[in-house]
Protein chains: 2
Amino acid sequence: MKSDKISEAVVRRLPVYLRYLNELHTREVPTVSSQELGQKLDLNPAQIRKDLAYFGDFGRKGIGYDVSYLIEKIRHILKLDQQINVALVGAGNLGHALSNYNMYLKETMKIVAVFDSNDSKVGSLINTLVVQPIDELGITVKARSIRIGIVTVPNVEAQRVADQLIEAGVEAILNFAPIILKAPPHIRVHTADFTTDLLSLAYYLEDGKEHETNE
Amino acid sequence: MKSDKISEAVVRRLPVYLRYLNELHTREVPTVSSQELGQKLDLNPAQIRKDLAYFGDFGRKGIGYDVSYLIEKIRHILKLDQQINVALVGAGNLGHALSNYNMYLKETMKIVAVFDSNDSKVGSLINTLVVQPIDELGITVKARSIRIGIVTVPNVEAQRVADQLIEAGVEAILNFAPIILKAPPHIRVHTADFTTDLLSLAYYLEDGKEHETNE
DNA sequence: TAGATTGTTAATCGATTAACAATC
DNA sequence: TAGATTGTTAATCGATTAACAATC
């Protein structure tokens, strides 16, 4: 099987595969089966095989998947075989934390500019990058071919910043503000909303056993 | 409709509803329809009605939902009508960023202790909290009835920290390390993995139009 | 009353899993 | 060859959406 439109669920699993494959590669494991992957990643082996088969025949019957080859393939599918420049807007603690993940992403996806609307932050250093004022966003995005914007500003500024990023020409946005951003359909927006993760966790806490569901 | 086992997808939407309802409440809007909610939150109105109906009859036909009443109900469902104490393990930039979200959560879910394995961080202040050494984790979790642990330590430490949290008695973990944590089934683990969000975003970038899916 | 909107059932859609022939 | 494991089809499962009677 190839082509068809690939579902979002499938695409979101690819980085998970890639991550573990990189680990196997470091450990110099040459080959891995869908069963092994599934066990390690808490996924059904059939699902893994199906996911990968959307993009090509990457495995060998009776053997499994060649780790290096599959890494190469997934990196290609995710377009991580080219450098992708990223802008970070919001130089607070969260922005700081994210900029440290550059290493992890092995330089193919790279934060190349940081912006903040707060004058007191402008000019300071985040890793090796000088924080720029937000009105330089448009020029910089174009000059540096920035394709993805990460939004780590307070809620009230998030939509405005997103609009500016889109106006400047980014193709995708990773939004950390816990609000629903409005964007035109050709712009891909992912929301990394840990308040949702945290609050929904509370639902699963044990309590005086029965809690009323209605009255 | 009530009871049945509620799916994870439903539970994860509740905080999203709650967030917008709080906004409406601040704006003193008395009432809201599923249609209006759906439009604002990019969800199907029928889905919203169905989600809420799992827990009780919260709406009024012809009118919609009373904002204050629905807030109260959702807070109850999510157990946010009681204080839930949280421990943060990892006092880096990400931990710092998260501790600032206390305000947002309106104090019902509260980080009451911060731990770090790095001696140079122990004793320093994060907001109003003194960073404690990790070997005080067990005692503190019990003493302060901490029920949720947030893990913001490097990958290599994450599983060990999670084990310590579980051993200490937390019921749920929010994991920020991009690895799959192993935990017993009665422990709820949510992974807030923004590397997955970010890398999967790359898939949706435009490029020289057709990119090969196989060769 | 007429208009609006819920709660709920039925229909649809999509994603996951099982099963197995093909084949390394 | 025998054992392992893929790629893929068919079966299952679950979640979303449409439709509408009930009713405010």
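Numbered from 1 within each chain, the chains take letters A, B, ... in sequence-line order.
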Extract from the structure each pairing of a protein N or O with an N or O of nucleotides 20-22 of chain C at less than 3.5 Å, listing the distance.
none

Interatomic distance where [atom1] belongs to [X] and [atom2] belongs to [N] [whole Å]:
| X | N | atom1 | atom2 | value |
| --- | --- | --- | --- | --- |
| A/Asp57 | D/dT5 | CG | P | 18 Å |
| B/Asp51 | D/dG14 | CG | P | 17 Å |
| A/Asp66 | D/dT6 | CG | P | 13 Å |
| B/Lys50 | D/dA18 | NZ | C1' | 12 Å |
| B/Tyr69 | C/dT6 | OH | C1' | 14 Å |
| A/Gln47 | C/dA19 | CD | P | 17 Å |
| B/Leu70 | C/dT6 | CG | P | 11 Å |
| A/Leu52 | D/dT6 | CG | P | 9 Å |

Quick one: side chain to side chain donor-acceptor pair (under 3.5 Å) pairs with a partner in residues 166-185 of chain B, sequence neighbours left out?
-> B/Arg147-B/Glu171
Residue pairs, two or more places apart or on separate chains, that pass side chain to side chain donor-acceptor pair (under 3.5 Å) and touch residues 85-97 of chain B | B/Gln83-B/Asn85
side-chain hydrogen bond (donor to acceptor under 3.5 Å, both in side chains) partners for [X], two or more places apart:
| X | result |
| --- | --- |
| B/Asn44 | none |
| A/Thr191 | none |
| B/Arg12 | A/Asp197 |
| B/Arg60 | none |

Here the salt bridge (Lys or Arg N to Asp or Glu O under 4.0 Å) pairs for residues 20-32 of chain B, sequence neighbours left out, are B/Glu23-B/Arg27
Any donor-acceptor pair under 3.5 Å linking the side chain of A/Asp116 with the backbone of A/Asn118?
-> yes
Name all pairs fulfilling the ring-ring contact (aromatic ring centres under 6.0 Å, His included) condition that reach into residues 146-180 of chain B, sequence neighbours left out, sorted by first residue then second.
-> A/Phe194-B/Phe176
So, with a heavy-atom separation below 4.0 Å from DNA chain C, the residues of residues 32-40 of chain B are B/Ser33, B/Ser34
Taking the side chain as every heavy atom from C-beta outward, state whether B/Val114 and B/Ile111 have any pair of such atoms under 4.5 Å apart.
-> yes
B/Ser7: what forms a side chain to side chain contact (heavy atoms under 4.5 Å, CB included) with it, not counting sequence neighbours?
-> B/Ala9, B/Val10
So, A/Asp81 and A/Lys73, do they make that salt bridge, N to O below 4.0 Å?
-> no
Could you pick out which residue, A/Asn44 or B/Tyr65, lies toward the 5' side of DNA chain C when each is mapped onto its nearest nucleotide?
-> B/Tyr65
How do A/Arg60 and A/Glu8 order along DNA chain C: which one's closest nucleotide is nearer the 5' end?
-> A/Glu8
Using the side-chain heavy atoms of [X], tell me which of these nucleotides is nearest: [options].
| X | options | answer |
| --- | --- | --- |
| A/Ser7 | C/dA15, D/dT6, D/dT16 | C/dA15 |
| B/Ile63 | D/dT6, D/dC24, C/dC24 | D/dC24 |
| A/Ala46 | C/dC24, D/dG7, C/dA18 | C/dA18 |
| B/Arg13 | D/dT16, D/dA19, C/dT17 | D/dT16 |

Taking a pair as Watson-Crick (N1 to N3 plus N6-O4 or O6-N4) or G-U wobble (N1-O2 and O6-N3), both under 3.5 Å, which stems of 3 or more consecutive pairs involve DNA chain C?
-> C:3-24 with D:3-24
